[in-house]
Amino acid sequence: MFEGLRYCNAPLAAVVTSPSNFVAARRRPMTLAIRNLAILAFLFASTAICTAAPDPTKVIRVGERASDEGFDPVYSVNYYSGRILEAVGESLLTYDYLARPAKLVPGVAEAMPEVSTDGRTYTFHIRKGVFFAPDAAFKGQKRELTAADFIFAFKRFLDPKLRSQWRYMYDGKIVGLNELSKAAEKSGRFDYDKPIEGLQAVDRYTLRIRLTRTDYNFAYVLAMPSSIPMAHEVVDAYGDRVAEHPVGTNAFMLTEYQRGYRIVLDANPNYRGFVWDFAPNPGDDLDRKLVADMKGKQMPRISRVEMSIIEEDQGRYLAFLDNQLDSVDEIQSIAESWRDGSGLKPDLVARGIERNDMVEPEIFYFYFNFRDPMVGGFSKENTALRRAMIMAFNVDADLNVARKGLAVRDQMPVPPGIVGHDPKYRTVNAYNPDAANKLLDKFGFARGPDGWRRRPDGSPLQITLSSEPESRYREQDEVWLKSLEKVGIRMEVRTQNFAENLKAAKHCKLQMWGTAWLADYPDGENFLSLLYGPNSGQSNNGCYDSPIYNKLYEMSIKLPDSPERNRLYELMSRQMDYDGAWVVEGSRIRSTLTHPWLHGYRKHPVLHAEWKYADIDVAAREAAKR
């Protein structure tokens, strides 16, 4: 048993699931509500976990700035969907809540895997007595998690009909899985019942995975929210709507879903519970305070998580100040409202509000679509155009204006805090408008009578930047417009919400877009895979497909963490630099503000559904209303 989660069993009291008040920016029509209350009432009284069910008054209220894209692990790739999947599902492996850097530990596996000497065979022993949340798909029966559920879930990633955005995480890695996928392409039917050597249920609770080659990062893949097990009954019951009905074994279950407006998670009565027992990081005063407050508590303490979608930073912040949200983050665009240097403004300090900063293990960047005729391809002219635009863009102005200084400048695709990051690396496309102008002149992008540049063949040159309607993006858009105006490039900004942009990006339809990638696991390969050609349409939204880069990437994934692999990471970064694939900007400093009644909450670099580790002092929250 690893430090941090110690599971046990004891009688469970009935859980009250009456709805509570929930903050919302505005009323929207309900698109879906899930209320299997009759099933819950029966099962809540007959299941068992560590202690009595969480106090029904302990409700965490959070706000998200963007909507989800559903909750099917094979499709859901954005942060907001992953957060819900992580709350309702459990992977074989997870992370220690407090350990920094992030440390893998067992999830629903009894222990870390047994790995063969060649690194190609992983054997997991799954905990007994782990049950899925009650759902109508199980027809009133308690459904235990087994090895077969992981096999079914992993096979889904290569089912051709599903066209999974996460396919690249499993593609070519598991013995026999690609062959099964190819057979399905020919027959039109994926045979989920056909055994393959790479995925074996040795017995009910033992899973053996055989890889086609050594993969030193595969354990990280098995800790991702996308790698949660799936019960075939749930997929069979809901079919194409399974993304609206995630059913897992973790502390919470989805009970209400109004896409783009409201999500409610209630305590899973079948969850086994654990004792809060994490160790603080040496010298970390916040950790020590948190451990002193939480150590030894029976978890989870939270009975419900109520989430509202409030796109504007100002709206979420005002809801937080009005005590309608228990925590708030992603509010850097209004930093002047709450920030006082590295601390908080005095009026917030007087209310007991705390600020916790963390440099995200992420990269935010702008990409060019390599399939777009205006900016794509590898011709000398288009390569020069992309590089000139990168050199014209004032990254520091963007960090200071749009990001309010709450970011660190990055030079390469592998950010700080991630294995493979080189702090000495410097991009060859540094900010230099004069050099950008000369490069455009050299490759025939002459200025017309109106002062705007045209393409070498004399046709108009106009760049389309995709953006979102929130205020912080408007500031960023303005930096782009002013930067390109200095070098004579006309740009238009096309706005739509994040979910729509993401959908278009997955089909390589956006000419240029700024986005971010938050680490799925703390190794540089997770970021460099975003530029690997075969991942186009999955994680490679720019559809960059350089033969040189691809070869370097394929060499790197065969190596463990080493100076040799780091050198390949550097060469890959340099190649994308020369090709002008990305404008690499930086990593956000995520400032999380919390009310004093929210206990045990600490932002994790990889985990994002921290609610099962938290507690609420209901009396303190009620007192704040008076």
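Values below: every heavy atom of this structure, side chains too, minus hydrogens, waters and symmetry copies.
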Over all heavy atoms of both residues, which pair between [X] and [Y] is shortest? Give the atoms and the distance, please.
{"X": "Leu528", "Y": "Pro413", "answer": "CD2-CB, 4.1 Å"}
{"X": "Asp520", "Y": "Asn526", "answer": "N-OD1, 2.8 Å"}
{"X": "Gly315", "Y": "Ile310", "answer": "C-CG2, 3.7 Å"}
{"X": "Ala384", "Y": "Leu439", "answer": "O-CD2, 3.4 Å"}
{"X": "Pro361", "Y": "Ile418", "answer": "CB-CD1, 3.7 Å"}
{"X": "Val606", "Y": "Pro522", "answer": "CG2-CD, 4.5 Å"}

Is there a donor-acceptor contact under 3.5 Å linking the side chains of [X] and [Y]?
{"X": "Ser81", "Y": "Asn78", "answer": "yes"}
{"X": "Tyr80", "Y": "Arg65", "answer": "yes"}
{"X": "Arg386", "Y": "Thr383", "answer": "yes"}
{"X": "Gln476", "Y": "Asp398", "answer": "yes"}
{"X": "Asn429", "Y": "Arg387", "answer": "yes"}
{"X": "Asp313", "Y": "Ser333", "answer": "yes"}
{"X": "Tyr569", "Y": "Asp523", "answer": "yes"}
{"X": "Asp561", "Y": "Tyr216", "answer": "no"}
{"X": "Asn497", "Y": "Glu468", "answer": "no"}
{"X": "Asn566", "Y": "Asp422", "answer": "no"}
{"X": "Asp410", "Y": "Ser587", "answer": "yes"}
{"X": "Asn541", "Y": "Lys506", "answer": "yes"}

Find out whether [X] and [Y] are in side-chain contact, i.e. whether some heavy atom of one side chain is under 4.5 Å from a heavy atom of the other.
{"X": "Tyr425", "Y": "Ser573", "result": "yes"}
{"X": "Asp68", "Y": "Arg83", "result": "no"}
{"X": "Thr427", "Y": "Val584", "result": "no"}

Exercise. Could you tell me how the ring of Tyr220 sits relative to the ring of Tyr95: parallel (under 30°), tilted (30 to 60°) or perpendicular (over 60°)?
Key: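 Plane angle under 30°, so parallel.
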
Self-check item: Whether Trp513 and Phe498 hold their rings parallel, tilted or perpendicular, with breakpoints at 30° and 60°
Solution: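 Ring orientation, 0 to 90° scale: tilted.
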
Practice problem: Could you go through the ring-ring contact (aromatic ring centres under 6.0 Å, His included) check for Phe393 and Tyr431 one step at a time? | Solution: CA-CA 7 Å; Phe393 183 59; Tyr431 177 61; 8.5 Å; no

Ring centres under 6.0 Å, that's the criterion: do [X] and [Y] meet it?
{"X": "Phe154", "Y": "Tyr170", "result": "yes"}
{"X": "Tyr549", "Y": "Tyr532", "result": "no"}
{"X": "Trp582", "Y": "Phe366", "result": "no"}
{"X": "Tyr544", "Y": "Tyr367", "result": "no"}

[atom1]/[X] to [atom2]/[Y] distance, rounded to the nearest 0.5 angstrom?
{"X": "Phe370", "Y": "Asn540", "atom1": "CZ", "atom2": "CG", "answer": "9.5 Å"}
{"X": "Leu385", "Y": "Phe445", "atom1": "CG", "atom2": "CZ", "answer": "4.5 Å"}
{"X": "Ser529", "Y": "Trp517", "atom1": "OG", "atom2": "CH2", "answer": "6.5 Å"}
{"X": "Ile557", "Y": "Lys173", "atom1": "CD1", "atom2": "NZ", "answer": "7.0 Å"}
{"X": "Arg167", "Y": "Asp159", "atom1": "CZ", "atom2": "CG", "answer": "9.5 Å"}
{"X": "Glu312", "Y": "Gln314", "atom1": "CD", "atom2": "CD", "answer": "8.5 Å"}

Exercise. Give a yes/no verdict on a cation-pi contact between Arg403 and Phe364, requiring under 6.0 Å between NZ or CZ and the six-membered ring centre and an angle within 45° of the axis.
Key: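 Yes.
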
Practice problem: Give the intermediate values and the outcome of side-chain hydrogen bond (donor to acceptor under 3.5 Å, both in side chains) for residues Gln575 and Asp579. | Solution: CA-CA 6 Å; Gln575 185 62 45; Asp579 290 334; 3.2 Å; yes

Exercise. Dump the intermediate steps for salt bridge (charged side-chain N to carboxylate O under 4.0 Å, His left out) on Glu492 and Arg494, then the final yes or no.
Key: CA-CA 7 Å; Glu492 68 166 349; Arg494 186 173 298 165; 3.2 Å; yes

Quiz item: Would Asp577 and Arg574 count as a salt bridge (charged side-chain N to carboxylate O under 4.0 Å, His left out) if you check the C-alpha gap in whole Å, the side-chain angles of each, and the deciding distance to 0.1 Å?
Solution: CA-CA 5 Å; Asp577 250 356; Arg574 196 61 71 195; 3.6 Å; yes

Any salt bridge linking [X] with [Y]? Criterion: basic side-chain nitrogen under 4.0 Å from a carboxylate oxygen.
{"X": "Arg590", "Y": "Glu362", "value": "no"}
{"X": "Lys103", "Y": "Asp96", "value": "no"}
{"X": "Asp357", "Y": "Arg355", "value": "yes"}
{"X": "Arg316", "Y": "Asp329", "value": "no"}
{"X": "Arg490", "Y": "Asp450", "value": "yes"}
{"X": "Arg455", "Y": "Glu381", "value": "no"}
{"X": "Glu570", "Y": "Arg567", "value": "yes"}
{"X": "Glu610", "Y": "Arg602", "value": "no"}

Exercise. For the pair Gln538 (side chain) and Tyr168 (backbone), establish whether a donor and an acceptor sit closer than 3.5 Å, ignoring hydrogens and angles.
Key: yes

Quiz prompt | Contacts of type salt bridge (Lys or Arg N to Asp or Glu O under 4.0 Å), residue Lys404, not counting sequence neighbours | solution =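 Applying salt bridge (Lys or Arg N to Asp or Glu O under 4.0 Å) to Lys404 gives Glu475.
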
Quiz item: Who passes ring-ring contact (aromatic ring centres under 6.0 Å, His included) against His421, sequence neighbours left out?
Solution: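 For His421, no residue satisfies ring-ring contact (aromatic ring centres under 6.0 Å, His included) once neighbours in sequence are set aside.
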
Practice problem: Determine, step by step, whether Ile463 and Gln511 satisfy the side-chain contact (heavy atoms from CB on, under 4.5 Å) criterion, reporting the C-alpha distance in whole Å, the side-chain angles of both residues, the deciding distance to 0.1 Å, and the verdict. | Solution: CA-CA 8 Å; Ile463 305 300; Gln511 187 180 87; 3.5 Å; yes

Quiz item: Between Lys345 and Asp340, is a salt bridge (charged side-chain N to carboxylate O under 4.0 Å, His left out) present by the stated rule, with each step listed?
Solution: CA-CA 5 Å; Lys345 289 193 171 182; Asp340 186 359; over 6 Å; no

Quiz item: Would Asp477 and Lys482 count as a salt bridge (charged side-chain N to carboxylate O under 4.0 Å, His left out) if you check the C-alpha gap in whole Å, the side-chain angles of each, and the deciding distance to 0.1 Å?
Solution: CA-CA 9 Å; Asp477 299 341; Lys482 289 180 178 179; over 6 Å; no

